[in-house]
Amino acid sequence: MAEKLVHKSWIIQYNLHSILGFFLLFFLSVSFYLIGDNSDGVSFLANKSTRKKSSPKCDLFSGSWIFDNVSYPLYKEQQCSFMPDDFACHKFGRKDSKYHYWRWQPYHCDLPRFNAKGLLEKLKGKRVLFVGDSLNKNQWASMVCLIESSGIPSLNPPIWKGNLITFEVKEYNATIDFYWSPLLVESNCDDPVKHRVRDRIIRVEAIEKHARHWIDADILIFDSFTWWLESHMTLQWGSFNSSDAIYKKVEMKLRRYEMALRTWSDWLEFQIERKRTKLFFMSLSSSHKNGTDWGRGNDQNCYDETEPISRREYWGSESDRKMMEIAEDSVNGLKRKGLDIQYLNITQLSEYRKDGHPSVYKRNWVAPTKEQLLNPRKNSDCVHWCLPGVPDVWNQILYAYIMDSSRELNE
């Protein structure tokens with residue numbers, strides 16, 4: 001009898017150990033699956049359910065700027081032969097260079113260092129297209145400089161044809177393009193050179209003239225915020241040359257923006273090849289025109305600023321949260337309809353960088369007035385960004401997402 005009890009007890013312990021061993025093996029298998037292959041150095045995006053709010057270690061957009069003069073900048077201004085004069089701050093007299101050396105450090109993970117050759121391997125035979133205003137051109141220029149810095153031979157200068165600038169990397173049969181369309185929909189600001197129009201007229205339901213140039217892209221990166229900030233704009237129904245066109249001057253900034261993004265969303269929903277095309281929408285890029293936002297005088301702006309803002313969660317008065325919500329809602333609506341789209345919220349990280357703008361250190365396409373010459377602050381560009389600089393980080397984040405989705409892109 002005693003032997004039977006001992007035998008039964010041994011069987012129970014054996015079964016218990018077996019069950020525990022099974023659960024341990026299952027846990028390890030799931031863990032390895034979730035970690036995945038980190039050959040591209042982007043483990044924080046390895047889980048395809050990606051970037052949930054409950055997973056803070058995957059949040060690339062919350063962090064701080066760390067001074068790093070060892071591994072930054074990622075390239076030098078003078079070594080980027082395709083650098084537009086709008087962003088070449090040293091060329092036009094900026095003496096300080098500290099703005100080159102700030103590295104964005106997310107709180108709970110590391111941002112992967114940009115690997116141009118690795119990216120181009122993933123983009124073989126593909127077309128990347130930035131669509132939007134001059135801030136998206138700022139990001140496109142950064143991408144071109146990052147790629148050139150990798151030492152790829154025989155790169156030809158970008159070709160500008162109408163609204164489209166094409167940068168071809170022949171060795172990889174890839175193109176990195178930019179398309180000027182500041183309001184996304186059609187407008188009287190669509191000329192890529194002569195677009196300084198104060199009375200802006202928007203065909204808020206018309207997009208095909210632009211969109212037909214986007215349809216064959218494998219990756220599309222959109223932005224559109226700054227040009228919507230005018231207090232009054234004219235909406236038009238009907239063509240620009242039609243005598244029957246209807247015009248309505250409106251103040252409702254949020255409503256007209258929402259209408260344009262609905263036109264944009266509708267076109268993407270019905271025209272984009274969903275299995276092939278990866279979409280991104282860049283959030284609002286911060287400007288620094290009002291020095292009172294960071295404790296300076298009323299007449300101060302980004303001019304002569306050489307340090308980032310250190311106050312955590314700083315938010316400037318010029319960054320419109322409601323507009324951002326409209327854009328994010330549009331993106332989420334497309335996600336629900338099955339499109340592969342991401343809203344890259346680069347606003348907060350850009351908010352800190354009052355030191356990163358060209359201010360007066362850029363080519364003036366319009367001659368400064370006497371008043372501006374006497375007071376340079378009044379001629380300061382506190383909207384765009386010097387390169388190397390903040391848009392390089394936008395592209396590092398974009399790079400992380402592209403590398404993470406490369407398996408889908410190459411299917």
Side-chain angles (χ1 to χ4, degrees), residues 86 129-140 160 162-165 177-215 217 220-242 245-269 271-272 279-287 318-320 322-331 333-334 341 343-344 346-347 365 383-384:
D86 307 82
L129 178 60
F130 291 82
V131 177
D133 56 22
S134 52
L135 283 160
N136 218 11
K137 184 182 177 184
N138 210 165
Q139 185 176 357
W140 168 82
W160 194 318
N163 291 47
L164 181 67
I165 308 176
D177 300 345
F178 169 75
Y179 185 89
W180 173 261
S181 182
L183 297 152
L184 298 181
V185 294
E186 296 177 27
S187 74
N188 64 341
C189 311
D190 288 342
D191 189 294
V193 178
K194 299 177 181 178
H195 49 250
R196 296 178 183 275
V197 181
R198 298 311 304 175
D199 186 13
R200 294 175 184 172
I201 302 173
I202 301 103
R203 296 186 64 207
V204 77
E205 294 181 350
I207 199 170
E208 183 60 35
K209 182 184 81 172
H210 296 313
R212 61 191 176 90
H213 297 281
W214 316 337
I215 198 163
L220 280 161
I221 304 102
F222 294 97
D223 92 316
S224 188
F225 281 100
T226 303
W227 283 68
W228 291 98
L229 299 179
E230 289 292 315
S231 57
H232 292 77
M233 299 176 83
T234 300
L235 304 186
Q236 177 183 332
W237 290 265
S239 68
F240 283 114
N241 299 321
S242 173
I246 299 172
Y247 296 86
K248 185 176 182 181
K249 197 156 192 170
V250 296
E251 298 181 25
M252 301 175 292
K253 175 180 65 177
L254 299 178
R255 178 63 180 142
R256 66 199 184 206
Y257 185 57
E258 187 176 31
M259 291 169 69
L261 286 187
R262 183 179 296 120
T263 300
W264 169 79
S265 299
D266 288 346
W267 185 87
L268 289 173
E269 180 184 356
Q271 300 297 329
I272 286 297
L279 306 167
F280 296 94
F281 197 98
M282 307 302 296
S283 76
L284 183 152
S285 169
S286 311
S287 58
E318 300 160 89
S319 296
D320 193 317
K322 290 183 178 179
M323 285 188 71
M324 292 176 65
E325 288 171 5
I326 290 171
E328 190 166 12
D329 286 346
S330 297
V331 168
L334 289 171
I341 186 166
Y343 180 74
L344 301 189
I346 49 83
T347 305
W365 300 104
V383 174
H384 300 95

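Contact check for Ile207 versus Glu186: no side-chain heavy atoms found under the 4.5 Å cut-off. Here the side chains of Phe225 and Ser285 are not in contact, with every heavy-atom distance at 4.5 Å or above. A heavy-atom distance below 4.5 Å is found between the side chains of Met233 and Ile202. Two residues are said to be in side-chain contact when any heavy atoms from C-beta on lie closer than 4.5 Å; Leu129 and Trp140 fail this criterion. Looking at heavy atoms from C-beta onward, Arg200 lies in side-chain contact with Asn188 at the 4.5 angstrom threshold. Side-chain contact between Gln139 and Phe178 is absent, with no heavy-atom pair separated by less than 4.5 Å. Side chains of Trp237 and Lys248 form a contact here, defined as non-hydrogen atoms less than 4.5 Å apart. Met282 places a side-chain heavy atom less than 4.5 Å from the side chain of Ile221.
Counting all heavy atoms, side chain and backbone alike, Trp214 lies closest to Leu220 at CB-CD2, 3.8 Å. In this structure, Thr263 and Glu205 approach most closely via the heavy-atom pair OG1-CA, 3.5 Å. Among all heavy-atom pairs drawn from Leu235 and Val204, the shortest one is CD2-CB, 4.4 Å. Across all their heavy atoms, Val185 and Arg203 have their closest contact at CB-O, 3.6 Å.
Here Trp160 pairs with Lys137, Ile165, Pro192 under the side chain to side chain contact (heavy atoms under 4.5 Å, CB included) rule; sequence neighbours left out. Residues passing the side chain to side chain contact (heavy atoms under 4.5 Å, CB included) test with Gln271 are Ile215, Trp267, sequence neighbours excluded.
A salt bridge between Glu258 and Arg255 is present, with a side-chain N of the basic residue lying under 4.0 Å from a carboxylate O of the acidic one.
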